[in-house]
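Report on the structure given below.
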Amino acid sequence: MAISSSMRGVSTNLSKIRRRVFSEVARIIYELGADPSVTDEDLDRAFEELPYDIIPGDVATYRDSVLLERAIVAERIRLAMGLGLQGVDRPYKISEGIADAAGPEAYYEPPLINVIKFACRSCQDNVYRVSRSVCEGCLAHPCMEVCPRKAVTFSGSRAHIEQEACVKCGRCAQVCPYGAIHHHVRPCKQACGMDAINSDANGRAEIDYERCVSCGQCLVSCPFGAIADKSQLAQVIWSILVGEEVIAAVAPAFVGQFGGKGDVPRLREAFRRLGFAGVEEVAIGADLCAIEEAEMFLDEVPSKIPFMGTSCCPAWSAMAKMEFPEQADCISMALTPMVLTARMIRQNHPDAKIVFVGPCAAKKLEAMRSSVRSEVDFVLTFEEMAAMMEARGISYLNLENDTASDFETASADGRMFAVAGGVANAVVNVIHREHPDVEVKVKNAEGLEECRKMLKKAVKGDYPGYLLEGMACPGGCIAGAGTLQPIAKSAAAVKRYAKRSPHSSATDNEFRSLIHKLERDEDRG
């Protein structure tokens, strides 16, 4: 599994700085954004001082220079406000351009995922090197014997690889009895399932935005914090402060992200204190998505299409349509749970600002589509939401756990959309409720590389009549770039919460009759 998965849920200096930036930006906006006596100069001063609060003193802690540390934090502050990177080639104010981003209707401009160039370590990529402290200089010299280009030599009783001659075949590493030869791969590139990360002229990471699907796995894999995504954190708070009706739609993976075990009354209270007018469970939309995909599968497979892929993961869907355009019709046209839930909310709250709160960076990209933006106004990750709580001094687990009801209508299957395999299982259960004799074969894949392999086999005819579930993040939505907890812990928490639902299948959803009303042909594809 990619390094992104192994690092998830580990509290590091990097994750602490990242979250401190979010919480401090949220604090400044909350405290100064609604005060009419606050001038632009006051706001500028607050942001200019922030890097010094986050990185105090005159001695570097993490890098070679404290000035470099503050410069990187300054760029992260800009991204947290939804502003673009500035670089270090000219003087600038951290809050430069904030007037354009301050309005509640402001949206960040692409790119969503950014490389802070001077934070990049220029990591080695696709290089085989000998660890001289591990190499025993054995008499057999198998590494030297198998090298087709004679790139491996011995000096001082230790192996050495001439990089100019090496063709990266890896045979030396395969035969070394001590495991002394290591294949160095840039961590961000290793995590990218789209092969969208290359090196610029200076050896620093560079993203090919023609291929990037904004899954965010690179940003949680970079050990130096050189990759970060833009946020709508400030825009959401501004929308609250100007008196908009702001309603949160919370993804099924929320359980345990803020602590606790799915304490919905506490979650409602936390959101209320942040200024939200309401909170709804996206698992309701997941139920409707499962019903819609079940209907499509029965109607189209195999009479119209040879197989059908699920639609809810935007990164997987984008990859499939990008790399397999001739099979684009085989990816479900069902609206995602995020969009379906937003449309349900919009029916009773036509003027509300709807904020999707979830684990996924790619949902930000999905919401930027003109057809979705009218329904989903803002997207925040769990990490960004936790920063808002910290900024307001809200201790989630210490909130009163009153007798208010749980989210009432989502089924166990809808809540399990958050875990790999859960989407396909929900669709199959819907089919079996009304067509118990219909056999539905399922194949699922986690991580975009595995998703690609699955699709290649499907195109070759290996999965005739199958339902294919693709998840860009290994483990499913619980492993998204905006999550806070270890993947295994999150999976267990979601499963426990799903069991608490009084309904097992999506067909028990009381809103199922709305599914066709919520569909709009112009949003398909």
Side-chain angles (χ1 to χ4, degrees), residues 22-23 25-34 80-82 102-107 231-255 257-260 262-285 337-360 363-364 367 373-402 404-410 482 484:
F22 283 138
S23 63
V25 168
R27 179 187 60 79
I28 290 174
I29 301 299
Y30 265 121
E31 292 180 358
L32 303 182
M81 292 191 289
E105 297 300 331
Y107 289 90
S231 173
Q232 287 183 304
L233 180 72
Q235 286 75 21
V236 170
I237 298 173
W238 271 313
S239 190
I240 291 172
L241 294 179
V242 299
E244 298 278 3
E245 180 187 21
V246 183
I247 298 176
V250 184
F254 84 91
V255 189
Q257 291 297 323
F258 309 110
D263 303 305
V264 174
R266 286 181 175 147
L267 188 70
R268 289 190 189 277
E269 176 63 15
F271 276 63
R272 184 191 67 78
R273 294 190 184 190
L274 290 171
F276 288 88
V279 186
E280 297 296 340
E281 185 178 20
V282 174
I284 298 173
M338 177 181 80
V339 176
L340 286 167
T341 305
R343 290 188 174 176
M344 290 181 64
I345 295 172
R346 189 76 66 195
Q347 287 189 322
N348 296 321
H349 304 271
D351 299 321
K353 292 293 183 288
I354 298 174
V355 183
F356 175 80
V357 181
C360 183
K363 284 297 183 182
K364 297 181 179 182
R373 184 177 294 180
S374 62
E375 309 297 345
V376 179
D377 297 283
F378 305 113
V379 174
L380 293 179
T381 64
F382 294 136
E383 183 179 37
E384 293 161 346
M385 184 55 59
M388 288 178 66
M389 293 183 189
E390 183 175 346
R392 301 302 284 168
I394 297 172
S395 178
Y396 175 74
L397 293 179
N398 291 332
L399 294 176
E400 183 179 356
N401 194 5
D402 59 32
S405 63
D406 246 4
F407 292 133
E408 296 173 350
T409 54
L484 299 162

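Here the structure is a predicted model, which is why all the values come from computation and not from measurement.
R272 and E269 are joined by a salt bridge, as a carboxylate oxygen and a charged side-chain nitrogen come within less than 4.0 angstrom of each other.
Taken to the nearest 0.5 Å, the CD atom of Q232 stands 12.0 Å off from the CD1 atom of I237. Taken to the nearest 0.5 Å, the CE atom of M388 stands 8.0 Å off from the CZ atom of F271.
Contacts of E383 classified as salt bridge (Lys or Arg N to Asp or Glu O under 4.0 Å), with partners at least two apart in sequence or in another chain: R18, R19. Annotation: side chain to side chain donor-acceptor pair (under 3.5 Å) contacts of N348 (sequence neighbours excluded): none. For A270, the side chain to side chain contact (heavy atoms under 4.5 Å, CB included) test picks out M389, I394, Y396, L399, with sequence neighbours left out. Legend: residues meeting salt bridge (Lys or Arg N to Asp or Glu O under 4.0 Å) with R392, ordered by chain and number and at least two apart, are absent. Take R27 and apply the side chain to side chain donor-acceptor pair (under 3.5 Å) test, not counting sequence neighbours, and it matches E24, E31. Under the side chain to side chain contact (heavy atoms under 4.5 Å, CB included) criterion, A283 pairs with P252, E281, A410, R415, sequence neighbours left out.
Annotation: side chain of V339 is not in contact with side chain of F356 (no heavy-atom distance under 4.5 Å).
Shortest non-hydrogen contact noted between V357 and F382 is O-CE2, 3.7 Å. Considering every non-hydrogen atom in both L233 and F22, the closest pair reads CD2-O, 3.2 Å. Across all their heavy atoms, F258 and A386 have their closest contact at CE2-N, 3.9 Å. Annotation for I240 and L274: closest pair CD1-O, 3.5 Å, computed over non-hydrogen atoms.
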